[in-house]
Each structure stands twice: as C-alpha cells, then as structure tokens.
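Just so you know, residue 1 is the first one in the sequence shown, and it goes up from there. In listed order, ligands and their atoms are each counted from 1.
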Amino acid sequence: MKKATKVLALLLSMAMLTSVLTACGGDAAAETTDATETTEAADTGAETADTTAAADTETEAPAADEAAEAPAAVTAQEGVLTFGTNAEFPPFEFVAANGVIDQYDGIDMAIAKQIAEENGMTAAIENMEFDSLLIALQNGQIDAVIAGMTVTDERKEAVDFSTPYYTATQVMIVKEDSDIAKASDMADKKICVVQGYTGETCVSDMGYDYEAFKKGTEAVLELVNGKCDVVVIDSATAQKYVSDNEGLKIVEDPEAFDSEEYAIAVQKGNTELLDMINSTIEAKLADSTISELSAQYLDADSE
Ligand code: GLN
C-alpha cells in the first residue's frame, strides 16, 4: 500500500487521497456525508438515500433492543431458510430456466442451497431490489441476505456478516478502444454505476459525476450503445458482462480500488443462524467447494 500511496499522492490532492483510500476498501462511511454527490442517482430513483436514511435511524436510535425483539429466523424454524437476493448479479445470482433454487441460479444460490440442506432445511429465495435487502432483513421478511454483498462498516452497523466467502474488487468496463487506463482517467468521462452497489460509493467518493442505473445490464447496455464511457462494477460480474458483449474490456486499478469481501448478512444478534451459516461456509471454503463453484459459473475465475 505504501507504493500505491506514493503514486496516488503525486496524482491527487491530500483531501482526494484520503477520500479514495477510505472509499473503496469496504469503508462506506463517506456515503452518508456525500449525499449531495448522489443527486444524479436520485433522478433515477431515490432508494440509495432511503437505505442510507434507514441505516442512520437504526444506528442513532436504540436499535439494539429492536433487533433483539425482532422475529429472527422465524421461517427457519419451520424448516425453510429464506434468503433475500437481487438476481441481477451474474455469476452470483441470476434468473435461469432451471436454477439451483427454483428459477434462481449462480454461485450464491448454490451456496444458499448447501447452507440450508446441511442444516436440515430447504432454501427459499426472495428476489428484490438490492437497496431493499437490508431493510427486508431488519424487518424479518427474510432470514439472511446472500447477494454478492460487500462487507462495509456502514452495513455492519445495521446487520451482522458471516465469514467472507469471496474476494472481489471494483473494476472499470470500457470499450476496447477506450483511452481509460486508470481510475483518474474517468475524471472527464461519462461514468455509469449501479445504484446502491459499492461501485457507486467509490465513484461518488472520488468526487466524479455519474449516472446510476437499477441494473448492471442497463449500465452495460448504455456503454455498448456509446452513451457512457465506463461502467464501474464488481470484478467477477464485469468479467461476465465482457464475455457476453462484443467489444468491451476490463481495466483494473488496484491503487484506486481496494479488495472487497462478500459475506452473508443476518439480523444483528442472530448468532444461532450466523453460526450455522459460518460452519457451512468454512467447510465449503476448506474443501474448495466454493472455488469450484466460482470456476464453474465463471469460465475464468477472477480470483
Ligand atoms: N458487491 C457490491 C455491493 O455489495 C454489489 C453487490 C450486488 O450487486 N449484488 O454493493
């Protein structure tokens, strides 16, 4: 990181440097202070703001009591473990004719099924917008969230996370002939992100204007159609989009984008479910099931 810091220091002011380094490594604390920069996102739907507001309320109010009282894992006791996801994030979750859980397929869906089955239960999926997942979890509508969700400090204030099961990073998807070679080259470009994803936080914290879309496919279509110059999104998902669309490539900038860890979220204090999830995840990491699943769903694993 020292080398990265030196290089960045030459390129950026100290204020900018601090912002970048705290923005993209899973520390999303700046999300709440940068509300003005998400104005564009608000044009396409104000759910980012809703999520942030909900998280704030949760932390400012005496939320611990409420979480303890909430009906944690009620359905799990009936033998059905209900996971919330946003099935718009290949290769982790997507809709398919014959998915591993109903019409839902992907690395996360396979992991969810194994967690349920190893604990004598059946997995069910509730598909919803990414921004709604943590609220649905806090309300007890779902037992857990499995959605390629990056562990961030802000999210940790609202929910508890399992042992991480996958390491990713933000990358830039550009046209093959693009001159974008590093994150700072985005400064004068039209940037597309997906609303509520950590990619949005990164770009917002870098101080760049951007347009936020509801789905990764919509942002990528904008790029394919030449209406935007770059899409900032998670690495494995980017790889999937690049292999599915002609004329695109991935540009990485590890000095600007730190690694992120995906984990499963449960209601705060639901240690019983968390222990169950962790024992399966730890076993599936140890016996390479999860890396095999990653390879299976993504021709060339990005890890
Ligand atoms: N990892 C990103 C995040 O947590 C995107 C996840 C997703 O879209 N499913 O924000």
Side-chain angles (χ1 to χ4, degrees), residues 23-32 34 38 41 44-45 47-52 54-55 83-95 104-112 125-137 142 144-162 164-173 192-206 210 212-220 231-241 250 257-266 294 297-298 302-303:
C24 300
D27 177 356
E31 258 180 38
T32 47
D34 282 357
T38 56
T44 55
E47 283 174 30
T48 308
D50 289 349
T51 308
T52 310
F83 290 88
T85 200
N86 171 241
E88 298 283 348
F89 196 62
F92 293 92
E93 39 269 329
F94 51 94
V95 175
Y104 303 109
D105 206 1
I107 300 166
D108 283 349
M109 301 299 97
I111 293 173
I125 297 297
E126 277 215 31
N127 189 21
M128 62 187 79
E129 289 187 357
F130 188 78
D131 278 352
S132 305
L133 286 165
L134 294 189
I135 295 163
L137 179 61
I142 50 179
V145 171
I146 186 159
M149 183 172 275
T150 303
V151 179
T152 69
D153 288 345
E154 189 191 18
R155 290 171 181 165
K156 272 200 285 193
E157 286 176 7
V159 295
D160 286 344
F161 280 102
S162 70
Y165 60 88
Y166 192 87
T167 303
T169 185
Q170 297 300 307
V171 299
M172 296 167 281
I173 313 180
C192 289
V193 298
V194 189
Q195 194 179 306
Y197 284 21
T198 37
E200 178 181 11
T201 313
C202 286
V203 172
S204 169
D205 290 349
M206 285 171 178
Y210 60 86
F213 290 82
K214 287 261 183 203
K215 299 177 180 181
T217 44
E218 291 170 1
V220 171
V231 174
V232 176
I233 197 162
D234 298 53
S235 42
T237 304
Q239 231 177 298
K240 200 74 191 163
Y241 286 139
I250 289 174
F257 303 113
D258 286 349
S259 64
E260 302 183 9
E261 292 191 313
Y262 295 171
I264 297 172
V266 300
S294 304
Y297 281 99
L298 187 69
S302 65
E303 276 199 275

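With 3.5 Å as the limit, one finds a donor-acceptor pair spanning the side chains of Y210 and E200. Side-chain atoms of T150 and E261 form no donor-acceptor pair, as typed in the model, at a separation below 3.5 Å.
Closest heavy-atom contact between G199 and Q170: CA-OE1, 3.1 Å.
Relative ring orientation between Y166 and Y262 is described as parallel, the plane-to-plane angle staying below 30° on a 0-90° scale split at 30° and 60°.
Residues of the protein with a heavy atom under 4.0 Å from ligand 1 are F89, F130, A147, G148, M149, T150, R155, G196, Y197, T198, D234, Y262, listed by chain and number.
Taking 4.5 Å as the limit, every side-chain heavy atom of V171 sits out of range of all side-chain heavy atoms of F257.
Rounding to the nearest 0.5 Å places CD1 of I107 at 8.0 Å from OH of Y297.
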